[in-house]
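As structure tokens, the structure follows; a few thoughts come after it.
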Amino acid sequence: AEDKGATKAYLDAAKAELKELHYQSSLKLVKHGLQLAQQAAEKFELTRLQGDVLRNLGEVSASISICQEAVKIAHTGIEQCQAWLTLAEGFRIADQQEHALEALDQAESYAYQQNLTLELSRIHYLRGNLYFMTGDIDGCLAQHEKSLELADKTGSEEGKALAFGGLGDAWYLRGHMRSARDQDLACLDLCQRNAYGQIELANRYMVGWSRY
């Protein structure tokens, strides 16, 4: 009905569906929102969210292409940081570690310029995940410790949940299974208290694996 708030309504609904792991529904809402988007900021946020949803659907190549488009239409330093972060996620899943690390470097430069502490926590978390994949034991642990420090500084429960999960991986990589289990249990505790279903799914099995 040409309501000026329609685009944001679609964006909010798409985010809500993504949180509930309803990816197909979220993607449909994102596409409706993009058809209506007039403001540059709304178009950027919907485009970046589309890349996020596509990655969760397993359409990684399409996600990377969409995130590259988000980088092109980003207007502010915050948007550039967020776009490069989402692009790095896609490269990580696609097993393109070098490109992922380059994208994180880009995101980090904008994060420092804009003093984006929460985004810096996410950057260190993702870099720790990449170091896990390459077997960099010390680097993996150091990055996740930094991620937890920054998440705690901002008071982000989600950031702390991610960091605890990363620390579980780091201690697992070192062969310290009790420490790995303790970090994973701390992650799951935050997930259950805050309904972080996606993070819980990615970390719950590690509790059983470390106990084994």
Are Lys15 and Glu45 side-chain neighbours, meaning at least one heavy-atom pair lies under 4.5 Å? yes

If every non-hydrogen atom of Tyr125 is compared with every non-hydrogen atom of Ser147, which pair is closest and at what distance? CB-OG, 3.5 Å

Does the pair Asp189/Lys160 count as a salt bridge with the N-to-O cut at 4.0 Å? no

What verdict does the side-chain contact (heavy atoms from CB on, under 4.5 Å) test give for Glu102 and Glu98, after you've listed the backbone C-alpha separation in whole Å, the side-chain angles of each residue and the deciding distance to 0.1 Å? CA-CA 6 Å; Glu102 290 171 356; Glu98 185 175 344; 3.7 Å; yes

Mind checking what makes salt bridge (charged side-chain N to carboxylate O under 4.0 Å, His left out) contact with Arg204, not counting sequence neighbours? Glu200

Under a 3.5 Å distance rule, please check whether Asp3 uses its side chain to pair with a backbone N or O of Gly5 as donor and acceptor. yes

Atom pair OG/CD of Ser121 and Gln143 - distance to nearest 0.5 Å: 11.0 Å

Do Tyr205 and Leu188 sit in one hydrophobic cluster, given that two such residues count as connected whenever their side-chain heavy atoms are within less than 4.5 Å of each other, even indirectly? no

Going only through I, L, V, M, F, W and Y residues with side-chain contacts under 4.5 Å, is there a path from Leu120 to Leu101? yes

Give a yes or no on whether a salt bridge exists between Arg48 and Asp52, defined as a side-chain N under 4.0 angstrom from a carboxylate O. no

d(Leu57 CG, Gln50 CD) to nearest 0.5 Å is 10.5 Å

How close do Gln183 and Gly168 get, counting heavy atoms only, and between which atoms? CB-N, 3.5 Å

Minimum-distance pair of heavy atoms, taken over all atoms of Ser26 and Val53: OG-CG2, 3.4 Å

If you draw a 6.0 Å radius around CZ in Arg193, do more than 12 non-hydrogen atoms from other residues or ligands fall strictly inside? yes

Do Gln80 side-chain atoms and Val71 backbone N/O form a donor-acceptor pair below 3.5 Å? yes

Hey, are Glu17 and Ser25 close enough side-chain-wise for a donor-acceptor pair under 3.5 Å? yes

Taking a hydrophobic cluster as the set of Ile, Leu, Val, Met, Phe, Trp and Tyr residues connected by side-chain heavy atoms closer than 4.5 Å, whether directly or through intermediates, do Leu126 and Trp84 fall within one such cluster? no

Arg178/Asp182 under salt bridge (Lys or Arg N to Asp or Glu O under 4.0 Å): CA gap, chis, key distance, verdict: CA-CA 6 Å; Arg178 289 189 180 87; Asp182 291 346; over 6 Å; no

How long is the gap from CZ on Arg92 to CG on Leu130, to the nearest 0.5 Å? 6.5 Å

Distance from Met133 atom CE to Asp95 atom CG, nearest 0.5 Å? 4.5 Å

At their closest point, which heavy atom of Cys81 faces which heavy atom of Ala111, and how far apart are they? SG-CB, 3.9 Å

Is the side chain of Ser65 donor-acceptor paired with the backbone N or O of Ser61 at a distance under 3.5 Å, no angle test? yes

Can you tell me if CD on Gln192 sees more than 12 non-hydrogen neighbours from other groups inside 6.0 Å? yes

Could you tell me whether the side chain of Leu21 reaches within less than 4.5 Å of the side chain of Leu201, counting heavy atoms only? yes

Salt-bridge test for Arg127 and Glu108: reply yes if a basic N is under 4.0 Å from a carboxylate O, no otherwise. yes

Identify whether Leu46 and Ile66 are in the same connected component of the hydrophobic contact network (ILVMFWY, side-chain heavy atoms under 4.5 Å). yes

With a 4.5 Å limit on heavy-atom distance, are the side chains of Leu173 and Phe132 in contact? yes

Cluster check Leu85, Tyr196: I/L/V/M/F/W/Y, side chain < 4.5 angstrom: yes

Do you see a donor-acceptor pair shorter than 3.5 Å between the side chains of Asn56 and Gln198? yes

Working to the nearest 0.5 Å, report the span between CG of Leu104 and CD1 of Ile123. 6.5 Å

Of all heavy-atom pairs between Leu49 and Ala14, which one has the smallest distance, and what is that distance? CD2-CB, 3.7 Å

Using side-chain heavy atoms (C-beta onward) and a distance below 4.5 Å, is Val30 in contact with Tyr10? no

Side-chain touch Asp169/Met206, heavy atoms, less than 4.5 angstrom: yes

Just wondering, do Ile64 and Leu87 contact through their side chains at under 4.5 Å, heavy atoms? yes

Residue pair Phe91 / Ile93, side-chain heavy-atom distance below 4.5 Å: no

Which atom of Ala74 lies closest to which atom of Phe44, heavy atoms considered: CB-CE1, 3.8 Å

Might you work through the side-chain contact (heavy atoms from CB on, under 4.5 Å) test for Gln39 and Thr7, ending with a clear yes or no? CA-CA 9 Å; Gln39 302 295 324; Thr7 303; over 6 Å; no

Taking it one step at a time, do Thr86 and Arg55 satisfy side-chain contact (heavy atoms from CB on, under 4.5 Å)? CA-CA 9 Å; Thr86 310; Arg55 186 183 69 254; 3.9 Å; yes

When rounded to the nearest 0.5 Å, the distance separating CG of Leu167 from CG of Leu141 is 6.5 Å

Between Glu79 and His75, is there a donor-acceptor pair closer than 3.5 Å when you use the side chain of the first and the backbone of the second? yes

Could you tell me whether Lys146 and Glu149 have a side-chain N and a carboxylate O separated by less than 4.0 Å? yes

Specify whether Trp171 and His176 have parallel, tilted or perpendicular ring planes, treating 30° as the upper limit for parallel and 60° as the lower limit for perpendicular. parallel

Is the closest side-chain heavy-atom distance between Arg122 and Leu162 below 4.5 Å? yes

